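Heads up, the thing below is written out as structure tokens.
Because the structure is predicted, anything quoted here is derived from the model rather than measured. Positions are given from 1 along the sequence.
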Amino acid sequence: MENDISDGAVLAARLLLAALFLIFAWRKLTDYSGTVRRMVQDGAPLPVLASAIAIFVELPVAFAVAVGAFTRPSAMLLVLYTLGTALIAHHYWTVTGENKVDSMESFYKNLSITGGFLLLYITGAGKYSIDTVLGM
């Protein structure tokens, strides 16, 4: 019984962690020029390449997490990506004025999400996953 609850919780965690990335990946994909403009505003290096990387990580990699396929490597990619976005787009320590609190909040939300992906990396996908079907 306890394993079923744990596996259900891991499934819920995968879906909840992936949802944010899937939603915003779609927006990035359908408004690619706007995504590049945002990358420029955020000071991302090589904004065109950064936009393509963002879409790749947020769409197929987050989808892999959602369905539990290649979960551990996908979770680690999302750890690195989420940490990178925190440092590039939410460097609140350089922000002044009314945007400082919003930037700080986004930075620490990214750190929290990173923690969720680290836990997913440790636990794996759980019973309700493609990884389990494939014996991974």
Side-chain angles (χ1 to χ4, degrees):
M1 177 73 167
E2 184 177 321
N3 282 345
D4 285 342
I5 293 170
S6 296
D7 286 319
V10 172
L11 170 62
R14 286 196 339 256
L15 294 172
L16 291 169
L17 283 166
L20 170 76
F21 293 92
L22 292 170
I23 290 165
F24 285 98
W26 185 253
R27 186 186 55 79
K28 285 177 177 74
L29 184 63
T30 58
D31 183 18
Y32 188 74
S33 62
T35 300
V36 173
R37 277 193 307 276
R38 178 64 193 258
M39 293 290 182
V40 170
Q41 285 175 337
D42 289 341
L46 304 168
V48 173
L49 179 60
S51 298
I53 290 169
I55 291 166
F56 173 75
V57 173
E58 291 187 18
L59 201 56
V61 175
F63 183 76
V65 165
V67 298
F70 309 104
T71 304
R72 283 190 166 101
S74 296
M76 188 50 65
L77 279 174
L78 281 157
V79 162
L80 298 172
Y81 174 77
T82 307
L83 228 90
T85 59
L87 294 170
I88 291 170
H90 307 299
H91 43 90
Y92 69 90
W93 50 92
T94 65
V95 177
T96 58
E98 62 187 49
N99 293 332
K100 185 175 182 93
V101 172
D102 288 341
S103 186
M104 181 186 286
E105 183 179 295
S106 294
F107 178 84
Y108 284 105
K109 280 182 182 179
N110 274 30
L111 286 187
S112 297
I113 293 165
T114 300
F117 283 121
L118 280 172
L119 280 171
L120 189 57
Y121 175 79
I122 292 166
T123 64
K127 179 173 142 184
Y128 306 115
S129 67
I130 291 175
D131 287 349
T132 296
V133 171
L134 297 176
M136 297 176 78

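Linking Ile, Leu, Val, Met, Phe, Trp and Tyr whenever their side-chain heavy atoms come within less than 4.5 Å leaves V65 and L111 in two separate clusters. Cluster annotation: V61 and V79 are assigned to the same hydrophobic cluster (Ile/Leu/Val/Met/Phe/Trp/Tyr, side-chain heavy-atom contacts under 4.5 Å, transitive). Both L20 and L78 belong to a single network of hydrophobic side chains, linked directly or stepwise wherever heavy atoms of I, L, V, M, F, W or Y lie under 4.5 Å apart. No chain of hydrophobic side-chain contacts below 4.5 Å, direct or via other Ile, Leu, Val, Met, Phe, Trp or Tyr residues, connects V40 to F24. Residues L77 and L118 share a single hydrophobic cluster, defined by chaining ILVMFWY side chains whose heavy atoms lie under 4.5 Å apart.
A search for side-chain contact (heavy atoms from CB on, under 4.5 Å) contacts involving K127 returns D4, D7, not counting sequence neighbours.
For S106 (side chain) and A86 (main-chain N/O), no donor-acceptor pair under 3.5 Å exists by modelled atom type.
Under a cut-off of 6.0 angstrom, the local environment of OH in Y121 is sparse, with at most 12 non-hydrogen atoms contributed by other residues, nucleotides or ligands. Atom NZ of K100 sits in a crowded spot, with more than 12 heavy atoms from other residues, nucleotides or ligands closer than 6.0 Å.
With values rounded to the nearest 0.5 angstrom, L15 atom CG is found 9.5 Å from L22 atom CG. Note that CZ of R27 is 8.5 Å distant from CD of E58, once rounded to the nearest 0.5 Å. If you take OG1 on T114 and OH on Y81, they are separated by 11.5 Å, rounding to the nearest 0.5 Å. Interatomic distance, W93 CH2 to M104 CE, rounded to the nearest 0.5 Å: 10.0 Å. Note that OG of S74 is 12.5 Å distant from CG of L17, once rounded to the nearest 0.5 Å. Within the model, atoms OH of Y92 and CD of E105 stand 13.0 Å from one another, a figure rounded to the nearest 0.5 Å.
Among all heavy-atom pairs drawn from I88 and A44, the shortest one is CG2-CA, 3.8 Å. Contact record, T132 with G126: OG1-O, 2.7 Å, taken as the closest heavy-atom pair. G124 and R72 get closest at one heavy-atom pair: N-NH2, 3.4 Å.
Between F107 and L87 the shortest side-chain heavy-atom distance falls below 4.5 Å. At a threshold of 4.5 Å between non-hydrogen side-chain atoms, the residues Y32 and I55 count as touching. With contacts defined as side-chain heavy-atom distances shorter than 4.5 Å, the pair Y108/S112 does not qualify. Annotation: side chain of L11 is in contact with side chain of R14 (closest heavy-atom distance under 4.5 Å). Looking only at side-chain heavy atoms (C-beta outward), F117 and T82 come within less than 4.5 Å of each other. With contacts defined as side-chain heavy-atom distances shorter than 4.5 Å, the pair L29/W26 qualifies. With a 4.5 Å cut-off on side-chain heavy atoms, F21 and I113 count as touching. Two residues are said to be in side-chain contact when any heavy atoms from C-beta on lie closer than 4.5 Å; L120 and V10 meet this criterion.
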Check against salt bridge (Lys or Arg N to Asp or Glu O under 4.0 Å), R38 and D42: CA-CA 6 Å; R38 178 64 193 258; D42 289 341; 3.2 Å; yes
Chi angles and distances behind the side-chain contact (heavy atoms from CB on, under 4.5 Å) call for N110, L83: CA-CA 7 Å; N110 274 30; L83 228 90; over 6 Å; no
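Within the structure, salt bridge (Lys or Arg N to Asp or Glu O under 4.0 Å) contacts touching residues 76-91 (residues at least two apart or in different chains) do not occur.
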